[in-house]
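Step one of this worksheet: look at the structure below.
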There are 2 protein chains.
Amino acid sequence: MTLNVIDGTAPSLKPLDAQVQVFKTLTHPARIAILNLLRDGEHCVCHMEAFLGFRQAYISQQLAVLREAGLIQDRRDGWNIYYRVTNPQIYVVLDAASQLTGQPTAGTAKPETTCPCPHCNPKE
Amino acid sequence: MTLNVIDGTAPSLKPLDAQVQVFKTLTHPARIAILNLLRDGEHCVCHMEAFLGFRQAYISQQLAVLREAGLIQDRRDGWNIYYRVTNPQIYVVLDAASQLTGQPTAGTAKPETTCPCPHCNPKE
DNA sequence: TAATCATATTCATGACTTTGAATGTGATTG
DNA sequence: CAATCACATTCAAAGTCATGAATATGATTA
């Protein structure tokens, strides 16, 4: 990759990379939907599977991206792994963008599907 | 592209595409730097060339991306074309992201380079 | 320890993005 | 209209991302 700057006078753009990293992670509807789902607290993967309608492996892949970006954290509880956002400030970013686009903050139109995890079905 | 959804119960992720579009546009340090440069009002392309240190064609390409995304608008005045942000709400998005990453809002470390445009050098 | 459950990782392919180089265009001046 | 200035567009090679399919892992139970 050759350089695209004229000379050494260009300001370093490196400080912007952290922001870029965040935006890159948000560049995907499924990942935004996952974050929206986590607005009301932690959820297990099976939850997201049920509510978002994606296959397990797919959800897991997107969760990995969010996790590696540091936006979410996981906690294992027996068979299930629960995810939560690391810093709610991420919602300020998301909400600012929906404002900008004039779109509703939605995106989490939950279907009636139910999650089979024991957390949702305590001792039936 | 094959489908990644299990069935028809998945919520439509289409409403999120507008947000995704914004984030995609911000997924680039040069474009963020340009937007930061426009915080204090409109600037011509030669300005950005001088202050950011990129070649004209490169700046122009990034401006095209920002323009097509609707984030900036242009105005021609004789030889020069001046750009300005369409909606200052974009800075809420940017600032929220810098907050999240703990980075300073900076990125616009202006060098002493000067812009040759008549706007900056009125009748010398 | 074997089976099972919930979730993660790897891999390969196709789609999209980036960016330098070359070239095109519209406004202005002579 | 020819030259020039400021800027835009096109193109192609290289890189990055998306995603289905297959497989692996770690916890739990029998």
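- Distance A:E68 CD to D:dA18 P: 12 Å, rounded to the nearest Å.
- Contact between the side-chain N/O atoms of A:H28 and the OP1/OP2 oxygens of D:dT19 is found at a separation under 4.0 Å.
- Computed from coordinates, the A:I59 CD1 to C:dT9 C1' distance equals 16 Å when rounded to whole Å.
- Taking the side chain to side chain donor-acceptor pair (under 3.5 Å) definition, one finds that B:R67 meets it with B:Y83, sequence neighbours left out.
- When the P atom of D:dC7 is taken as reference, atom NE2 of B:H43 falls 13 Å away, rounded to whole Å.
- Using bins of under 30°, 30° to 60° and over 60° for the plane-to-plane angle, the ring pair A:H43/A:H47 lands in the tilted bin.
- Regarding B:I81, its CD1 atom lies at a distance of 11 Å from the P atom of C:dG26, rounded to whole Å.
- When distances are taken from the side chain of A:N80 to each of C:dT19, C:dT7, D:dC17, the shortest belongs to C:dT7.
- For A:Q99, there are no side chain to side chain donor-acceptor pair (under 3.5 Å) partners at least two apart in sequence or on another chain.
- Atom CD in B:E49 sits about 14 Å away from atom P in D:dC5, given to the nearest Å.
- Rounded to the nearest 0.5 angstrom, B:C44 SG and B:D74 CG are separated by 12.5 Å.
- At least one side-chain nitrogen or oxygen of B:R67 sits closer than 4.0 Å to the OP1 or OP2 atom of D:dT9.
- For B:S60, whose side chain is taken as the heavy atoms from C-beta onward, the closest listed nucleotide among C:dT17, C:dT18, D:dC7 is D:dC7.
- Atom pair B:F23:CZ and C:dC16:C1' shows a separation of 20 Å (rounding to whole Å applied).
- Taking atom CG of residue B:L26 and atom P of nucleotide C:dT17, one finds them 15 Å apart after rounding to whole Å.
- Among the nucleotides C:dT7, D:dA8, D:dG20, the one closest to the side chain of B:L63 is D:dA8.
- Checked against side chain to side chain contact (heavy atoms under 4.5 Å, CB included), A:T25 has the following partners two or more places apart in sequence or in another chain: A:Q21, A:R31, A:V65, A:L66, A:A69, A:L71.
- Between A:Y83 and C:dA8, a side-chain N or O to OP1/OP2 separation shorter than 4.0 Å is present.
- Nearest to the side-chain atoms of A:C44 among the listed nucleotides D:dA18, C:dT7, D:dC7 stands C:dT7.
- Sorted by first and then second residue, the side chain to side chain donor-acceptor pair (under 3.5 Å) pairs involving residues 84-94 of chain A (not counting sequence neighbours) are A:Q73-A:R84.
- B:Y58 has its OH atom 11 Å from the C1' atom of C:dT17, to the nearest Å.
- Ranking C:dT9, C:dA8, C:dA6 by closeness to the A:A64 side chain, first place goes to C:dT9.
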- When every nucleotide of nucleotides 21-30 of chain D is labelled 5' to 3' by its protein contacts under 4.0 Å (heavy atoms), B for base, S for sugar-phosphate only, - for none, what sequence of letters results? BB----BS--

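- Each of A:R31 and B:D74 has a nearest nucleotide on DNA chain D; the 5'-most of these lies closest to B:D74.
- Partners of A:T27 under the side chain to side chain contact (heavy atoms under 4.5 Å, CB included) rule, at least two apart in sequence or in another chain, are B:V20, B:F23, B:K24, B:T27.
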